[in-house]
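Order of the sequence lines fixes the chain letters, A, B, ..., with proteins taken first and strands second; residue numbering starts at 1 for each chain.
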Amino acid sequence: MPPRVRIAPSPTGDPHVGTAYIALFNFAFARRHGGQFVLRIEDTDQERSSRSSETAIFEALRWLGLDWDEGPDKGGPHAPYRQSERLAIYAEHVEQLLARGEAYRCFCSRERLDAVRKAQLAAKVEHPGYDGHCRDLPPAQGAARAAAGEAHVVRMRIPRSGDVVVHDRLRGEVRFGVEQIDDQVLMKSDGFPTYHLANVVDDHLMGITHVIRGEEWLTSTPKHVLLYRAFGWEPPEFYHLGLLRNADRSKLSKRKNPVSVFHYRALGYLPETFLNFLATLGFSMADNRERFSLAELIAEFDLSRLSVGGPVFDPVKLAAWNGEDMRAMSVEALVARLQRDVLDPARLHAIVELGRERVQRLDDFVPFAAFFFGGSIDLRPVLPEFTLKGRTRDEVIEILQRFLDEIEKDKDARSFTKESIEGFARGFCERTGWKTKEIFGLLRLAVVGRTAAPPLFDTLAVCGKDRTRMRLRDAIELLRATAAG
RNA sequence: GACCCCAUCGUCCAGAGGCCUAGGACGCUGGCCUUUCAAGCCGGUAACACGGGUUCGAAUCCCGUUGGGGUCGCCA
């Protein structure tokens, strides 16, 4: 039986390298064995999910050449592939569990849950989690209260004793005591399923045979195993890969690294090189060769050669390989790539628009536009400019760090258009009490590397979010380094 | 903190008891080539976390310690 695998990203934020990483191995495995690679959108968080983010995932995966066989945009035998469109299916399955006593309705308020959690934290209890307040509510009573319209969630009734064994094909048997697992919410009060429920129901209904995903899911797998059991289903095979890491070995995060696939595209990494690089982070060829194409990876892919350690994502090595691959391409091909990924007509248009008042000859555009391209810039020549009257170096570092952190938390700033950045930045000044003049100056300096530039927010928008973030990080790092000395 | 995972050069990967005085790649470094800089070529640097076992023999198996990571949400 050909395998069926899936990638199940949630459409929040930018398409993540980690998603591409996991997608790659799922894709290779499916192709190797003539199976199917399914793309399922896990948009069960109404707050954070967005269509634009979903589209971005499609675009990123396609840019990399990891096309799927079934998905929201293509349909397939198990459509729909968007969880928000499968609500009736989950509701029906929850009813089943309710009827069998495998789940129960919980009417606890958020306030009560918060209080319980806080108390547990304070008391340093062994296994914090839901205290089972509604667990023994008579089902009829629960049903009646629900019918009367009382807000509630549905929780899974986790057995009170025993172990759950997860068979991870990469790690062997992993045993969990059931006392560490609290009664998971399966259905939220808004009628949407949680990840655990939707994931298990869909993997089963969609005939997924192998679940290849990140290690972050390993500890929730026993819950999934229990759910399969509650439904009376056979669980798929599990493979948990190590997580991509920052240089300091923490889980790869946008706070410390560019994690958007688009960032790598914008900086001009070749998709085939990028994929090759990702592949070597978690997989090795039997003959130990490390430069190979997607086709070669597929031809020789073998799940047992996946590794479980968390590899550090090393952009220096990626860049070295990228240069090597560029040298191997024809000039024509390079020009085509340049025009597609780095200097596309829309971007060129935006740059010319910003530059035309500031240049006198056509070829002035090129030196003018330098800061719109490339990664890090040398900020050392302008280091003294980061000194602000009445502000210490530490304060400057702190405010830049805070700005950086808050960009991602702000719903509007995330889209990174001229207007949204401006709105965010002005709000930021109000919140922090810093003058716009101070903040805007610092931003311009950090991102552009000079004091003279086109209007700040246009500039940031054209530079793009990832490049902006990267240079802010660089600036902070440089300031920290020099402050220490 | 509890639970779970992981542990070979700075980093990535190879090594599935003797083939290992541990191999490849990036980085760093010396040299060659070259009007320069790159590129290319040749060479060097550098690791089995520690402690106990098992075994004739351990990087490879077991236990412990240490270290790193992940998870503990009506987020996925």
K.L.:
Please classify the nucleic acid contact of A:Glu215 as base, sugar-phosphate, or nothing, using heavy-atom distances under 4.0 Å.
P.N.:
base
K.L.:
Using a heavy-atom cut-off of 4.0 Å across all strands, would you classify A:Arg327 as base, sugar-phosphate, or nothing?
P.N.:
sugar-phosphate
K.L.:
Rounded off to whole Å, could you give me the CG-to-P distance for the A:Leu278 and B:rC12 pair?
P.N.:
14 Å
K.L.:
Answer yes or no: is there a side-chain heavy-atom contact under 4.5 Å between A:Leu218 and A:Arg213?
P.N.:
no
K.L.:
Does any part of the side chain of A:Arg265, heavy atoms only, come nearer than 4.5 Å to the side chain of A:Phe274, both counted from C-beta?
P.N.:
no
K.L.:
Mind checking if A:Val312 touches a base, just sugar-phosphate, or nothing, with heavy atoms under 4.0 Å?
P.N.:
sugar-phosphate
K.L.:
How about CZ on A:Arg431, more than 12 heavy atoms from neighbouring residues, nucleotides or ligands closer than 6.0 Å, or not?
P.N.:
yes
K.L.:
If you measure from the C1' atom in B:rU35 to the same atom in B:rG30, how many Å do you get, rounded?
P.N.:
23 Å
K.L.:
If I pick the P atom on B:rG40 and the same atom on B:rC63, what distance separates them, to the nearest angstrom?
P.N.:
46 Å
K.L.:
Can you check whether A:Arg117 has a side-chain N or O nearer than 4.0 Å to OP1 or OP2 of B:rC74?
P.N.:
yes
K.L.:
For A:Ser307, answer base if it contacts any base atom (sugar-phosphate contacts may also be present), sugar-phosphate if it contacts only those atoms, and nothing otherwise; contact means non-hydrogen atoms under 4.0 Å.
P.N.:
sugar-phosphate
K.L.:
Can you check the A:Leu227 CG to B:rA76 P distance for me, whole Å?
P.N.:
14 Å
K.L.:
So what does A:Ser10 hit on the nucleic acid, given a heavy-atom distance under 4.0 Å: a base, only sugar-phosphate, or nothing?
P.N.:
sugar-phosphate
K.L.:
If the cut-off is 4.0 Å, is A:Lys223 near the phosphate of B:rC4, judged by side-chain N/O to OP1 or OP2?
P.N.:
no
K.L.:
Out of B:rC3, B:rA25, B:rC74, which has the shortest distance to the side chain of A:Lys317?
P.N.:
B:rA25
K.L.:
Quick check on side chain to side chain contact (heavy atoms under 4.5 Å, CB included): which of A:Leu226, A:Asp182, A:Leu227, A:Val164 does A:Ile158 satisfy it with?
P.N.:
A:Leu226
K.L.:
Of all the nucleotides listed (B:rG69, B:rC4, B:rA39), which has the minimum atom distance to the side chain of A:Phe176?
P.N.:
B:rC4
K.L.:
Name the closest nucleotide to the A:Asp314 side chain, picking from B:rC12, B:rU11, B:rG27.
P.N.:
B:rU11
K.L.:
Determine the contact category for A:Arg291: base if any of its heavy atoms lies under 4.0 Å from a base atom, sugar-phosphate if only primed atoms, P, OP1 or OP2 are that close, otherwise nothing.
P.N.:
nothing
K.L.:
More than 12 heavy atoms of other residues, nucleotides or ligands under 6.0 Å from CZ of A:Arg112: is that the case?
P.N.:
yes
K.L.:
Need one value for A:Ser220: base, sugar-phosphate or nothing, where a base atom within 4.0 Å counts as base even if backbone is also close, heavy atoms only.
P.N.:
nothing
K.L.:
Using a cut-off of 6.0 Å, state whether more than 12 heavy atoms not belonging to A:Glu477 lie near its atom CD.
P.N.:
no
K.L.:
Side-chain N or O of A:Thr194 less than 4.0 angstrom from OP1 or OP2 on B:rC75?
P.N.:
no
K.L.:
For A:Lys251 and B:rU71, is the shortest distance between a side-chain N/O and OP1 or OP2 below 4.0 Å?
P.N.:
yes
K.L.:
Does a sphere of radius 6.0 Å around CZ in A:Arg145 hold more than 12 heavy atoms from other residues, nucleotides or ligands, not counting ones at 6.0 Å or beyond?
P.N.:
yes
K.L.:
Are any of A:Thr219's side-chain N or O atoms less than 4.0 Å away from OP1 or OP2 of B:rC72?
P.N.:
no
K.L.:
Side chain of A:Asp45, heavy atoms from C-beta onward: which of B:rC13, B:rA76, B:rC72 has the nearest atom to it?
P.N.:
B:rA76
K.L.:
What about A:Glu216: does its side chain form a donor-acceptor pair under 3.5 Å with the base of B:rG70?
P.N.:
no
K.L.:
Closest to the A:Tyr195 side chain: B:rA76, B:rC26, B:rC3?
P.N.:
B:rA76
K.L.:
For the base of B:rC74, is there a side-chain donor-acceptor partner from A:Ser189 under 3.5 Å away?
P.N.:
yes
K.L.:
Starting the side chain at C-beta, find the nucleotide from B:rG27, B:rC12, B:rA25 nearest to A:Trp321.
P.N.:
B:rA25
K.L.:
Give me the distance, rounded to whole Å, that separates B:rG70 from B:rG31 when you measure between the C1' atoms they each carry.
P.N.:
46 Å
K.L.:
I want to check one thing: is the phosphate of B:rG15, taken as OP1 and OP2, less than 4.0 Å away from some side-chain N or O of A:Arg305?
P.N.:
yes
K.L.:
Side-chain N or O of A:Arg249 versus OP1/OP2 of B:rU11: is the shortest distance under 4.0 Å?
P.N.:
yes
